[in-house]
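Here is the naming used below: chain letters follow the sequence lines, and residue numbers restart at 1 for every chain.
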Number of protein chains: 2
Amino acid sequence: MNLLLSVSRKQQKEETRQRLMDAAATALASGRSFDTLSLREVAKLAGIAPTSFYRHFHDMEGLGLALIEAQGDSLLDLVHRVREQTSGGTSLIRASVETLFDHVGEHQGISRMIQQERLSPESAFRDAADKLLATLSADLTDFLVWDAKERGVPFSHPELAADLTVGILFTTGIAMLDTPADQRERQVEDTITKLRMIMRGAEAMAHAK
Amino acid sequence: MNLLLSVSRKQQKEETRQRLMDAAATALASGRSFDTLSLREVAKLAGIAPTSFYRHFHDMEGLGLALIEAQGDSLLDLVHRVREQTSGGTSLIRASVETLFDHVGEHQGISRMIQQERLSPESAFRDAADKLLATLSADLTDFLVWDAKERGVPFSHPELAADLTVGILFTTGIAMLDTPADQRERQVEDTITKLRMIMRGAEAMAHAK
DNA sequence: CAGTTGTGCGTACATGTGTACGCTGAAATC
DNA sequence: GATTTCAGCGTACACATGTACGCACAACTG
């Protein structure tokens, strides 16, 4: 088996698979909800015959799960990069808000889908979306604990504060996509204030038990 | 025009209209998202012919808007009733959480729909849902301001605190619908802690500007 | 009581859906 | 070079969908 040459076919397949995912993402970005996307429609957008879809995914559900998973990877990366390139205390909040809002803007469709599916009843999508956000939240919890210790400040219920933060960031990030530009700055500032409020609260609760 | 006798026909029509709305609500409650509901399906559930649907709504969108509006009315009522029958300070948080969670539980379908539509791009649904939550939030803002003055406690950014509160209540209320019973109590307590955290933060921010 | 109004129905049609089946042709393997 | 593998296609079918059209027949009106 020649690995170098065998690439070509697998590569081609990978490309079509990616085209399917891109097609779905595009449709989602234009405001459609995932479960109104039809297999035929996505296939047409990707430039393949409807029946060829099955060579890549067993289902539309399969496609959806692939989308969520891909988004998860890209998100964890992003979050870590923000942490590294930002130093001390409060400016981190601002940096996180702005970076995450950008990211949501560039992946409107999938971001929206993930948030919407999180509200759906028990389903594979719901589970995948929950898991994604839980990962981010756990990651942020660790950071909050570390940061509080670093600054010598007591901090109560870091998991809950992290949970709130992640939820707010995504929800408002998505809501902001259709906000007229002249109101955005205000909305960003409000979001930052909200996050500060939470952090302050967590510290206050630690002081006076 | 005889008002007394003319009731019968209007009444009948009102009943069918209500049956349509109930049918949609039932379908939504079983986990379907609104835009996967078909006109035919809803009509069948309501026990009328597909074409008769048009006698009551111009569209599925019309039905959806009616659902959201109806929910808005019932919600404002509920919130006010909670306030009246609850006295002083902290217990109000607990009462609000529990009552609203109950309400969401009894109106799963529409509650879910409203939250999901709030994330959709500009549309009639989105607008209606936003407006509903904004009303609740404004109402809660007034109360927070009044309550803070009452207790002689300074309170920073009450609108933002109200916004956070409303968002959290609905989001977790819906997420909790599919939570196994043995984890619910925990989740309720967590939600209460989150809300306390926010209130504490708002107070802390007012103290040290 | 004659006339109007309007809810509800059945039929019909064009269009979109998921997917089973079998073929093709080029890439991969031996 | 002969053989196998497999991504992609076209055809076909049994549905579901929105909605136009016109009729029925009870409730309402004057």
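Side-chain polar atoms of B:Ser111 and B:His103 form no donor-acceptor pair below 3.5 angstrom. Under the 3.5 Å distance criterion, with hydrogens and angles disregarded, no donor-acceptor pair is assigned to the side chains of A:Thr36 and B:Asp35.
The side-chain hydrogen bond (donor to acceptor under 3.5 Å, both in side chains) search around B:Asp102 returns none, not counting sequence neighbours.
If you take NZ of B:Lys10 and C1' of C:dG6, they are 12 Å apart, rounded to a whole angstrom. At whole-Å resolution of the value, CZ in A:Arg17 and P in D:dC6 are 17 Å apart. Atom CD in A:Gln12 sits roughly 11 Å away from atom P in D:dA7 (whole-Å rounding). Distance NZ (B:Lys44) to C1' (C:dG10): 15 Å, rounded to an integer number of Å. For A:Leu45 and C:dG16, the CG to P distance is 14 Å, given to the nearest whole Å. Rounded to whole angstrom, the span from the NZ atom of A:Lys13 across to the C1' atom of D:dC9 amounts to 16 Å. One interatomic measurement links the two molecules: CD of B:Gln11 to P of C:dG6, which rounds to 18 Å at whole-angstrom precision. The CG-C1' distance, from A:Asp35 to C:dT17, rounds to 15 Å in whole Å.
Using a 4.0 Å cut-off between charged side-chain N and carboxylate O, B:Asp127 and B:Lys131 make no salt bridge.
In this structure the side chain of A:Lys44 never reaches within 4.5 angstrom of the side chain of A:Glu41, judged on heavy atoms.
Annotation: A:Glu189, atom CD; neighbour count of heavy atoms from other residues, nucleotides and ligands within 6.0 Å is above 12. Annotation: B:Glu69, atom CD; neighbour count of heavy atoms from other residues, nucleotides and ligands within 6.0 Å does not exceed 12.
Looking at every heavy atom in both residues, B:Val97 comes nearest to B:Val188 through CG1-CG1, 4.2 Å.
The stretch residues 52-66 of chain A comes close to DNA chain D through A:Ser52, A:Arg55, A:His56, each having a heavy atom under 4.0 Å from the strand.
A side chain to side chain contact (heavy atoms under 4.5 Å, CB included) with B:Val79 is found for one member of B:Thr135, B:Leu136, B:Leu140 and no other, namely B:Leu136.
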Could I get a table of every N or O pair under 3.5 Å where one atom is in the protein and the other is in nucleotides 12-17 of chain D?
| residue | atom | partner | partner atom | Å |
| --- | --- | --- | --- | --- |
| D:dT17 | OP1 | B:Ser38 | OG | 2.8 |

